Undergrad: 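I am attaching a structure below and will ask some questions about it afterwards.
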Protein chains: 2
Amino acid sequence: MSADAEPAPVSAKPPVTLREVAAAAGVSVATASKALNGQGRMTAETRERIRETARLLGFRPNSLAQSLLRKRSFTVGLLTNDTYGRFSLPLMAGVSDALVDNGVSVFLCNVEDDTRLGQLHVEAMLDKRVDGIIATGKRIDRHLPVDLSNLRVPVVYAFTQPDPGAVGLVSDDAGGARLAVEHFVRLGRRRIAHISGPESFAVVHARAQAYRDVLEEHGLPTAEPLLGAWSEAWGHEAVARLFGKAGRVGWPDAVFCGNDQIARGVIDALRERGIRVPDDVGVIGFDNWEIVAEATRPPLTSVDMNLSTLGREAGLALLSLVGGQPAAPGIRKLPCRLVVRQSCGRPPGG
Amino acid sequence: MSADAEPAPVSAKPPVTLREVAAAAGVSVATASKALNGQGRMTAETRERIRETARLLGFRPNSLAQSLLRKRSFTVGLLTNDTYGRFSLPLMAGVSDALVDNGVSVFLCNVEDDTRLGQLHVEAMLDKRVDGIIATGKRIDRHLPVDLSNLRVPVVYAFTQPDPGAVGLVSDDAGGARLAVEHFVRLGRRRIAHISGPESFAVVHARAQAYRDVLEEHGLPTAEPLLGAWSEAWGHEAVARLFGKAGRVGWPDAVFCGNDQIARGVIDALRERGIRVPDDVGVIGFDNWEIVAEATRPPLTSVDMNLSTLGREAGLALLSLVGGQPAAPGIRKLPCRLVVRQSCGRPPGG
DNA sequence: GCGGTAAGGGAAAACCTTTTCCCAACTCAG
DNA sequence: CTGAGTTGGGAAAAGGTTTTCCCTTACCGC
């Protein structure tokens, strides 16, 4: 209203302290503290008067001082060696969301593949008295380059290889692969191929095994998965191998791909050969990387690892650990989800 | 060596305090503090003895207590609107790197487009006594949904619209566009088209203007830029418009695209029409999104905004502000860089 | 009017470190 | 031997909050 109104609380030069609030309200700091925290005994009027004074002065408690005394800082560290890869991103968002809802801030620490850097970050976080640490990475089957096994704060591993005896959360790759292959089976596809990434990845084997299992369960012919790279180019090349022989006899009528980029290469290669998707061949990808899945023609059905849910769960798990609840150690696998777009066609009866 | 060796410093249950170090070394905490910080006067032996004791005990000073006393927490907040978009990612990596090198930790805060959430985060950061804040977003021409204009800590804006009078760093989009178009000119291309994103983006206009300027400077025919969406599909459609008319007369021999996805659509559409890249038409993209630029056939020449450098500069700018150095307010534009791959061909003389 | 109890509020320790000021002892010149 | 200056080191306050324990006052029943 008037020009000399109170400035916005947050803009004051030196932050107002509890002592000042107490002085302004005519009480001791002890009483002021108790009034604001709902502790201690005092008349309702006193409590309200102190609260009002604090509000007017724009008092905000100094977290540093609070953390020093209580043994919690409401701060956790997020350690990753994949800052900014497309997997850890949704995961980090999930972690961050879960924690922020509980008033916890997140230190972001990118350790690359550098043990020294990792050690540095962990020590810095410990010095800053984080309540716990979440470790995440770019590969589910690799350790971070840093030892987190004997810290004095709880640690949760998400989408990275956990230490033995620790709490770990990963996606259920086999389950995700089942989702895809069973979808094909339900649609009446009979000759289902699998094109995947490099042999060195654990997920490649997990998914391939699930692929074989499902086919076997349905008495369908099983072909050896084609393993290569996580690239479009490999998708092209694999198509050349699968669809190279003359005559359509023996051609697959469905291809389950290890990731969306391979799937994109497959779809493009099929189109170049005049093979129609989904009419002649259905295609399913993995990762549900929207920017890719939505740009293929037709848009790609893909397995989503629910990474942001994974991150959220990791955040909550850490929180309960911090709160003293013992969590069952071991690896918990979270389900994937099939996002159906248009690269598989409709069921025969549909 | 032996089984009863000291445990790893970091694994001790209650952290070792300065008091314990002092007691173990037989001095006062004051002396211990001074010994470890290189302050005060004492014999070299005393100092060394205290240091050795601290090392042996695995002493690490409590950052909380330090921060409370000094007025710095060696912590900054990174506020973003685009957690995990592909622009803010390299940017955040740059920020983080620059700061970590200086012993500063980064709070990651995702505010989405939610003013309430933003306010919440800013207050939490202020409570935790961050030394400064870096604001970044997904669009250079939009404000974050939160007011950072009157904080008691310095703020640096990177890749987002700064408040008036603040320090802002952005990419030089016009310069980047010049790089692309001049490259075409140098290669002898004469009929250069421009396909870009939605009109509502400031960068679209900046780049389009630079495009016109360069053509005019070289006396080349200038066509109205085609504005649409940031998608592959739009790249396809734009090609249909530009190359739809029968006969090659009047067809462009170069296309400068507003981003890499458009460029990808353009390249694919050209190939489908039997138009060769780069022989018949050169293509340049924007953003240098490697995963796209390297998957096009041929690989895409693209303008890189050097976002991680931008982030690094933002981090350093904030640091000097925190250190009390007055920084020139206003927007500083950082140069782009052309990453040459194979979608433009070689110069005529080459 | 008195003893007991409950209510309201304050003093002070604690968290851990840094820094200022001070003191004791030693050295050295005169 | 005395006074000044230097050296080595400690006591204590400061930073902002929480919490335990204690004190004062008021009220109640008898």
Side-chain angles (χ1 to χ4, degrees), chain A residues 12-51 53-54 57-75 103 124 126-131 152, chain B residues 12-51 53-54 57-75 103 124 126-131 152:
Chain A
K13 259 312 159 45
V16 20
T17 70
L18 184 60
R19 185 201 310 273
E20 303 176 64
V21 173
V27 296
S28 71
V29 290
T31 306
S33 171
K34 285 181 283 201
L36 298 175
N37 294 322
Q39 305 290 324
R41 293 173 315 195
M42 67 198 69
T43 58
E45 299 100 284
T46 307
R47 195 181 293 277
E48 198 40 57
R49 175 167 47 90
I50 296 173
R51 289 199 164 146
T53 310
L57 264 46
F59 169 73
R60 311 224 75 217
N62 184 331
S63 274
L64 260 32
Q66 290 183 314
S67 303
L68 192 58
L69 204 48
R70 309 171 163 176
K71 290 307 195 180
R72 286 201 50 189
S73 64
F74 288 88
T75 291
L126 258 22
D127 290 349
K128 289 183 171 139
R129 295 306 188 262
V130 293
D131 295 332
R152 54 174 146 56
Chain B
K13 257 315 156 47
V16 173
T17 70
L18 185 60
R19 184 201 311 275
E20 303 176 64
V21 173
V27 296
S28 71
V29 290
T31 306
S33 172
K34 285 181 283 201
L36 297 175
N37 294 320
Q39 305 290 323
R41 291 174 317 195
M42 67 198 69
T43 58
E45 299 101 282
T46 306
R47 194 181 294 276
E48 198 39 56
R49 174 166 48 90
I50 296 173
R51 289 200 162 142
T53 309
L57 263 45
F59 169 73
R60 309 225 77 216
N62 184 331
S63 275
L64 261 33
Q66 290 181 316
S67 303
L68 192 58
L69 205 49
R70 311 168 162 179
K71 289 308 195 181
R72 287 201 48 188
S73 64
F74 288 89
T75 291
L126 258 22
D127 290 349
K128 291 188 170 134
R129 295 304 190 265
V130 294
D131 295 332
R152 54 176 147 58

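The structure presented is a predicted model; accordingly, all values stated were derived computationally and were not measured. Proteins come first, then strands; the chains are lettered A, B, ... in the order of their sequence lines, and each starts at number 1.
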Undergrad: Using a 3.5 Å distance criterion without hydrogens, assess whether the side chain of A/Lys128 forms a donor-acceptor pair with backbone atoms of B/Phe74.
TA: yes
Undergrad: Figure out the CZ/P separation between A/Arg49 and C/dG8, and round it to whole Å.
TA: 13 Å
Undergrad: With distance as the sole test, does A/Asp131 use its side chain to make a donor-acceptor pair with the main-chain N or O of A/Arg72 at under 3.5 Å?
TA: no
Undergrad: Going by the rule salt bridge (charged side-chain N to carboxylate O under 4.0 Å, His left out), which residues pair with B/Arg41 if we only count those two or more places apart in sequence or in a different chain?
TA: none
Undergrad: Of the residues in residues 31-47 of chain A, which ones touch DNA chain D at a heavy-atom distance under 4.0 Å?
TA: A/Ser33, A/Lys34, A/Asn37
Undergrad: Tell me which donor-acceptor pairs under 3.5 Å the side chains of residues 62-70 of chain B have, and how far apart each pair is, sequence neighbours excluded?
TA:
residue	atom	partner	partner atom	Å
B/Asn62	OD1	B/Leu64	N	2.8
B/Asn62	OD1	B/Ala65	N	3.4
B/Ser67	OG	B/Ser63	O	2.8

Undergrad: Can you tell me if the side-chain N/O atoms of B/Lys71 get under 4.0 Å from OP1 or OP2 in C/dT17?
TA: no
Undergrad: Rounded at 0.5 Å granularity, tell me how far CE in B/Met42 sits from CD in B/Glu48.
TA: 11.5 Å
Undergrad: Can you measure B/Leu64 atom CG to D/dT18 atom P for me and round it to whole angstrom units?
TA: 14 Å
Undergrad: Please report the distance, rounded to the nearest Å, between CZ in B/Arg19 and C1' in C/dA13.
TA: 11 Å
Undergrad: Please state how far atom CG in B/Leu69 lies from atom P in D/dG15, giving the value in whole angstrom units.
TA: 8 Å
Undergrad: Can you tell which of C/dG10, D/dT17, D/dG16 lies closest to the side chain of B/Leu68?
TA: D/dG16
Undergrad: Considering only side-chain heavy atoms of A/Thr17, which listed nucleotide, D/dG16, C/dT17, D/dA11, is closest?
TA: D/dG16
Undergrad: Rounded to the nearest Å, what distance is computed from the CG atom of residue B/Asn62 to the C1' atom of nucleotide D/dG15?
TA: 13 Å
Undergrad: Look up atom CZ in A/Arg152 and atom CG in A/Leu126, then write down how far apart they are to the nearest 0.5 Å.
TA: 4.5 Å
Undergrad: Grab the NZ-C1' distance between A/Lys128 and C/dC16 for me, whole Å please.
TA: 16 Å
Undergrad: Roughly, in whole Å, what's the span from CZ in B/Phe74 to C1' in C/dT18?
TA: 14 Å
Undergrad: Can you tell me the distance, in whole Å, between the CD atom of A/Gln66 and the P atom of D/dT19?
TA: 9 Å
Undergrad: Below 3.5 Å, can you tabulate the donor-acceptor pairs from side chains in residues 26-38 of chain B to any protein atom, sequence neighbours excluded?
TA:
residue	atom	partner	partner atom	Å
B/Ser28	OG	B/Ala30	N	3.4
B/Ser28	OG	B/Thr31	N	3.2
B/Ser28	OG	B/Thr31	OG1	3.1
B/Ser33	OG	B/Asn37	ND2	3.4
B/Asn37	ND2	B/Ser33	O	3.1

Undergrad: According to side chain to side chain donor-acceptor pair (under 3.5 Å), who are the partners of B/Thr53, at least two apart in sequence or on a separate chain?
TA: none
Undergrad: Estimate the overall bend of the helix from C/dG1-D/dC30 to C/dG30-D/dC1 from the end axes over five pairs each, rounded to 10 degrees.
TA: 60°
Undergrad: Please confirm whether the shortest side-chain N or O distance from B/Arg70 to OP1 or OP2 of C/dT18 is below 4.0 Å.
TA: yes
